[in-house]
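Accompanying notes for the structure given below.
Order of the sequence lines sets the chain letters (A, B, ...), proteins ahead of strands, with each chain counted from 1. Hydrogens, waters and symmetry mates play no part in the numbers below; they use all other heavy atoms, side chains included.
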Amino acid sequence: MNLRIVGDLASFLSAKFNVPKEKINIQLEICPANMEGELTVNCFKLVPILKSRPDTVTDAVLEFISSHDDVISAGKIKAFVNFVLKVASLYRDTISKPRLILESAKFPEKDKRRVLIEYSAPNTNKPLHLGHLRNNTLGMSLASLLKRAGHDVFAVNLINDRGIHICKSMLAYMRFGNGDTPESTGKKGDHFVGDFYVKFDQALRKELAELREARPDLKDKSDEDLFALTAIGQEAQEILRKWENGDPETIALWKMMNEWVINGFSLTYKRMGVTFDKVYFESDTYKMGKDVAVSGEKAGLFKRRDDGAIIADLKPFGLTEKVLLRSDNTSVYITQDIGTTLMKDEDFHPDQQIWVVGDEQIHHFKTLFAILKVLGYKWADKLYHLAYGMINLPSGKMKSREGTVVDADNLFDDMHELAKNAAIERLGENIPEDIDRRSEMIAMGALKFMLLKFNPKTTIMFDPQASIKFEGDTGPYVQYVCARINSILRKYSTEGKTLSPEVNWGLMETKYEKQLAIVASLYPEALLSAAEKLDCSVLVNYLLDLAKAYNSFYRECSVLNAETEDLKMARIALSSAVRDIIADGLKTLTIDIPEAM
RNA sequence: GUUCCGGUAGCUCAGAGGAUAGAGCAUCUGACUUCUAAUCAGAGGGUCGUGGGUUCGAUUCCCUCCCGGAACACCA
């Protein structure tokens, strides 16, 4: 919102209190509904800047505002100055230049950065579930948001395609596969492989039970401890060894099964709209970072322990010692992450790297960032772990063993079906040809919106009965506003009329119209605040506010049946501007909008 | 044990020094011969986990404690 009166007030206060104008940052607020006025200056916030008493500041602000040309009325309550703008001034400074609003939702050129976002990072042993959907949605929407705000953004995926987990699926396939393939069974590749992972787990649990039966002394050991004592566990580890030694048969099976899974993932990604600038595979990167550990030790940055292991001392960072290279010269998880971080830096030269990874890895990333600081990389303090919370079900945590995991593809299908049924119910006889396309946009919009509405770090509760909604604070609620406006614009153009460049904005005098104009003009603040905080929920909640303001306006102020042709024109211009802003916002969040609903 | 995150309406969540703490859902009332009711208007519903402190002012910042979750590997 760029009101003339704000700049004028800053000049006035600057002169009166002898404070440089640049220091006077006035954030106008929307006046609470139960107060007299439309806009508010919170004078408490100016007190420290102007180094004066609240009363003095408030009186000065009130004096200036009430005598300003743009103002109809003003008053103060405590240290709040509430005022009402002249209608023409309000529109002049807000919605009458919609293109300007959209254009100013961008960081200035000098703040432009190169940002690299890594997200998704799936394991290739089973299909994606709701937790992955939160990751993917957060990652792709954040990438899109930062791009929209003016940064150069690169998104990468690091697929975890090697390790014991895929060996488990391979072993189960060797045992129970009968040479089936996704093609021969008609199953999506990731689900096909995931089923074998489940079969492995079932066989393992059977062996674990037998082992505990036969060896009472092991009864209290954890599954992890006993894994290497089971025949099936040993066999899986043998496959991992063969893989590491490049055994051709093992490699061939591994390649085949990974391809199945990744083909399956790409269908899910496509449906969500997930894309990457580059995809890394852990099978290529898992040995990286060793040389950094070694050269870091030579440079005196890391220590060599008596047994030969290389260790980073992170006590200055409030952390403990961390092994980077074992005494047998093999690397650990974090060593690999050091390597891939450096590789991504080489590949993209970003100013900032962001990882979208669950909050259970907060400690890991603190450690990683500390090590990179020890290594002296100047960009190390810009690294950011977007740590998001888990998703719980009413029954508690999602557990694959208990079959309570919400499968991504199934969820998509369920939501699509529900959206379609809801549409058919509303449309009655007139089922449009593109009903499936529409239902898909509504379903995916509802899902993404739901996942983005919460602050990323909160643990969220997903109740299928309650969370799958198309009414209230949802994506479809916002989409629906666009559909309504589209409908108005369609009807208007079939009247043979086009939007006039001459709009008399000042004709719109109701509180609904003015409120809508004010909220709409706050779009740049919302978008940039979301980008600055790396938090899409800021933008989501803004779009809900704007959609609400439009729906109130819609009910109270008829557009096509406005009293005069000029008023109709003005309301159409207002509606059109709101539609463009909402469309821009939803697109920024990677949410599509159906033309009609 | 240490560290981190959370505790706000019946439920799911916003608010992060400022006005009488908000939204959606659920419950109840009202509004479709009207530009799309996936909508709108209204009602009820709160000791902002507890106890202290900081100040003009604290749900917000600091400390105590209680409750829930997570992390603290030579696992990934």
Mind checking if Asp337(A) touches a base, just sugar-phosphate, or nothing, with heavy atoms under 4.0 Å?
nothing
Check side chain to side chain donor-acceptor pair (under 3.5 Å) between Asn34(A) and all other residues, then give those that pass, not counting sequence neighbours.
none
Using a heavy-atom cut-off of under 4.0 Å over every strand shown, decide if Ala466(A) touches base, sugar-phosphate, or nothing.
nothing
Residues Asp201(A) and Lys168(A) bridged, charged N to O under 4.0 Å
no
Apply side-chain contact (heavy atoms from CB on, under 4.5 Å) to Ala526(A) and list each qualifying residue two or more places apart in sequence or on a separate chain.
Tyr542(A)
Protein-nucleic acid N or O pairs under 3.5 Å, nucleotides 8-14 of chain B:
unit_1 : atom_1 : unit_2    : atom_2 : d
C13(B) : OP1    : Thr459(A) : O      : 3.3
C13(B) : OP1    : Met461(A) : N      : 2.8
A14(B) : OP1    : Asn455(A) : N      : 3.2

Side chain of Arg484(A) only, heavy atoms from C-beta on: which candidate in A76(B), U39(B), G24(B) is closest?
U39(B)
Show the atom names and distances, to 0.1 Å, of all donor-acceptor pairs under 3.5 Å that link a side chain in residues 41-57 of chain A to residues at least two apart or in another chain.
unit_1   : atom_1 : unit_2   : atom_2 : d
Asn42(A) : OD1    : Phe44(A) : N      : 3.1

Starting from P on C72(B), measure out to CD1 on Ile362(A) and report it in whole angstrom.
11 Å
Can you tell me, in whole Å, how much space there is between the P of A58(B) and that of G51(B)?
15 Å
I need the OH-C1' distance between Tyr333(A) and A71(B), as an integer number of Å.
14 Å
Between Thr367(A) and His363(A) (side chain of the first, backbone of the second, donor and acceptor by atom type, cut-off under 3.5 Å), is there such a pair?
yes
Contact list (N/O, under 3.5 angstrom) for nucleotides 41-46 of chain B vs protein:
unit_1 : atom_1 : unit_2    : atom_2 : d
A41(B) : OP1    : Ser552(A) : OG     : 2.9

Take the protein atom CG of Asn551(A) and the nucleotide atom C1' of A37(B), then report the distance between them rounded to whole Å.
10 Å
Salt bridge flag under 4.0 Å for residues Arg241(A) and Glu244(A)
no
Should we say atom CD of Gln234(A) is surrounded by more than 12 heavy atoms from elsewhere, each under 6.0 Å from it?
yes
May I ask you to say what Ala387(A) touches in the nucleic acid, namely base, sugar-phosphate or nothing, with a heavy-atom cut-off under 4.0 Å?
nothing
Taking the C1' atom of each, how far is G18(B) from U55(B), in whole Å?
12 Å
Please measure how far the P atom in C48(B) lies from the corresponding atom in A21(B), and state the result in whole Å.
10 Å
Which of the following nucleotides, G24(B), A19(B), A37(B), is nearest to the side chain of Asp473(A)?
G24(B)
Ranking G24(B), A38(B), A19(B) by distance to the side chain of Tyr480(A), first place goes to A38(B)
Which pairs of donor and acceptor atoms, one on a side chain in residues 309-318 of chain A, lie under 3.5 Å apart (sequence neighbours left out)?
unit_1    : atom_1 : unit_2    : atom_2 : d
Asp313(A) : OD1    : Lys315(A) : N      : 3.1
Asp313(A) : OD1    : Lys315(A) : NZ     : 3.4

Determine the contact category for Ala596(A): base if any of its heavy atoms lies under 4.0 Å from a base atom, sugar-phosphate if only primed atoms, P, OP1 or OP2 are that close, otherwise nothing.
base
Side chain to side chain donor-acceptor pair (under 3.5 Å) partners for Asp359(A), two or more places apart:
none
With RNA chain B as reference, determine whether Asn42(A) or Gln361(A) sits nearer its 5' end, using the nearest nucleotide of each.
Asn42(A)
Determine which bases of RNA chain B form Watson-Crick or G-U wobble pairs with both distances under 3.5 Å, and write the result as a 5' to 3' dot-bracket string with | for other-strand partners.
((((((((.[[[[.)..(...]]]].(((((.......))))).....[.[[[..)....]]].])))))))....
Under 4.0 Å: is that the gap between some side-chain N or O of Tyr477(A) and OP1 or OP2 of C40(B)?
yes
For Val559(A), which contact category applies under a 4.0 Å heavy-atom criterion: base, sugar-phosphate, or nothing?
base
Leu543(A) CG - A23(B) C1' separation (whole Å)
15 Å
Using a 4.0 Å heavy-atom cut-off, does Asp307(A) contact any base of the nucleic acid, only the sugar-phosphate backbone, or nothing at all?
base
Classify the nucleic acid contact of Asn160(A) as base, sugar-phosphate or nothing, counting any heavy atom under 4.0 Å across all strands shown.
sugar-phosphate
With respect to the side chain of Ala422(A), which nucleotide from C40(B), A76(B), A38(B) is positioned closest?
A38(B)
Could you check which of A38(B), A37(B), A19(B) has an atom nearest any side-chain atom of Arg555(A)?
A37(B)
Pick the closest RNA chain B nucleotide for Ile488(A) and for Met35(A) by heavy atoms, then say which residue is nearer the 5' end.
Met35(A)
Looking at residues at least two apart in the chain, or sitting in another chain, which of them share a side-chain contact (heavy atoms from CB on, under 4.5 Å) with His129(A)?
His132(A), Met398(A), Val405(A)
Using the P atom on both, measure G7(B) against U50(B) and round to a whole Å.
13 Å
Is there a donor-acceptor pair closer than 3.5 Å between any side-chain N or O of Ser467(A) and the backbone N or O of Asp463(A)?
yes
What's the verdict on side-chain hydrogen bond (donor to acceptor under 3.5 Å, both in side chains) for Asp225(A) and Ser222(A), showing C-alpha distance, side-chain angles and the deciding distance?
CA-CA 5 Å; Asp225(A) 289 340; Ser222(A) 70; 3.3 Å; yes
To the nearest angstrom, how far is Arg490(A) atom CZ from U36(B) atom P?
8 Å
Interatomic distance where CD belongs to Glu471(A) and P belongs to A38(B) [whole Å]:
8 Å
Identify, residue by residue, the members of residues 44-62 of chain A with a heavy atom below 4.0 Å from RNA chain B, and return them in order of residue number, or none.
Phe44(A)
Would you confirm whether Thr40(A), through its side chain, and Asn82(A), through its main-chain N or O, come within 3.5 Å as a donor-acceptor pair?
no
Any side-chain N or O of Lys78(A) less than 4.0 Å from the OP1 or OP2 oxygen of G57(B)?
no
I need the CG-P distance between Asp545(A) and G22(B), as an integer number of Å.
14 Å
Any chance you could lay out the side-chain contact (heavy atoms from CB on, under 4.5 Å) test for Arg134(A) and Ile460(A), step after step, and finish with the verdict?
CA-CA 10 Å; Arg134(A) 189 176 194 191; Ile460(A) 66 182; 3.6 Å; yes
For atom NZ of Lys287(A), is the number of surrounding heavy atoms from other residues, nucleotides or ligands below 6.0 Å larger than 12?
no
Can you sort out the partners of Asn551(A) under side-chain contact (heavy atoms from CB on, under 4.5 Å), two or more places apart, ordered by chain and number?
Tyr477(A), Val481(A), Arg484(A)
Just checking Gln479(A): base, sugar-phosphate only, or nothing, at a heavy-atom cut-off of under 4.0 Å?
nothing
Hey, does Cys31(A) reach any base, or is it just sugar-phosphate, or nothing, if we go heavy atoms under 4.0 Å?
nothing
Only pairs at least two apart or in different chains count here, so list each salt bridge (Lys or Arg N to Asp or Glu O under 4.0 Å) that has a residue in residues 437-450 of chain A.
Arg271(A)-Glu440(A), Asp434(A)-Arg437(A), Asp434(A)-Arg438(A)
From CG of Leu240(A) over to P of A76(B), roughly how many Å is that when rounded to an integer?
10 Å
